[in-house]
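All ligand and atom numbering here is 1-based and tracks the order in the structure.
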Amino acid sequence: MKQRVYDANMLLPKYDLVTFTWGNVSEIDREKGLFVIKPSGVDYDQLRPEDMVVVDLKGNVVEGDLNPSSDTPTHMYLYNAFPAIGGVVHTHSPWAVSFAQAGLDLPAFGTTHADTFYGNVPAASALTEKEVTSAYELNTGVVIAREFAKRGLDPMAVPAVLVRQHGPFTWGKDAHDAVHNAKVLEVVAEMDYHSLQLNPHANLQLPQYLLDKHYYRKHGANAYYGQGN
Ligand SMILES: O=C(CO)[C@@H](O)[C@H](O)COP(=O)(O)O
């Protein structure tokens with residue numbers, strides 16, 4: 001599992017999703033109640049599979065000599081809040097971060113989006129100052145779970161979020177699936193930006209029937225939403 005998580009982390013620079021030591025990938029073993037995550041602040045070209053850190057769902061490091069990623073509390077919170085997910089990715093990929101910092105949902109304008117995200121990708125607002133809990137590092141996870149609950153979104157149907165003042169988090173059935181979703185998010189964010197520049201006054205939103213048709217053609221009639229057509 002450490003090798004698999006290491007391999008998934010090494011896809012972040014390969015897919016041009018990170019700069020320096022930014023970003024992190026993890027994967028969970030639900031039977032053991034443990035997840036493996038990248039260590040904090042280690043250059044990707046220095047990273048080794050044995051550097052991966054093993055953490056339990058209370059945030060305790062159970063194996064590893066290095067500090068786990070600074071985003072470990074968010075990964076942990078998401079594994080607890082979204083029981084169907086198996087892997088989590090965080091990046092600072094520039095186009096997705098641009099939408100996150102602008103506080104804008106990433107709209108479904110086309111089938112490139114619909115293949116992976118069954119609907120607009122939500123921008124989750126940061127907690128207000130008075131909401132910030134003493135466990136500051138948990139706030140991002142709280143914000144994400146709250147946004148999905150508020151919108152009634154199935155996290156496996158829209159496996160991504162844009163956290164304002166921070167950046168994108170994606171997830172999937174495992175670490176590699178979550179990395180795939182992170183790359184699609186970045187590609188679609190750049191496409192959306194240019195579409196909005198090219199035609200700023202039109203309604204470019206993909207109609208629901210096309211979203212349905214395309215998503216279920218790709219994922220099957222019993223996809224996450226359990227509906228089909
Ligand atoms: O946003 C931040 C830091 O502000 C983090 O997401 C870093 O981008 C990755 O940190 P480590 O995983 O190396 O701790």
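A donor-acceptor pair shorter than 3.5 Å cannot be found between the side chains of H75 and H90. A donor atom on one side chain and an acceptor atom on the other are not found under 3.5 Å apart for N181 and T170. In summary, the side chains of Q205 and N120 do present a donor paired with an acceptor at a separation below 3.5 Å, with no hydrogens or angles considered. In summary, the side chains of D51 and Y6 do not present any donor paired with an acceptor at a separation below 3.5 Å, with no hydrogens or angles considered.
Within 4.0 Å of ligand 1, counting heavy atoms only, the contacting residues are T21, W22, G23, N24, K38, S40, G41, S69, S70, D71, H90, H92, H166.
Salt bridge present: R151 and D105 bring a charged side-chain N and a carboxylate O closer than 4.0 Å.
The ring pair (Phe, Tyr, Trp, His ring centres under 6.0 Å) contacts involving residues 24-49 comprise F35-Y79, where partners must be two or more places apart or lie in separate chains.
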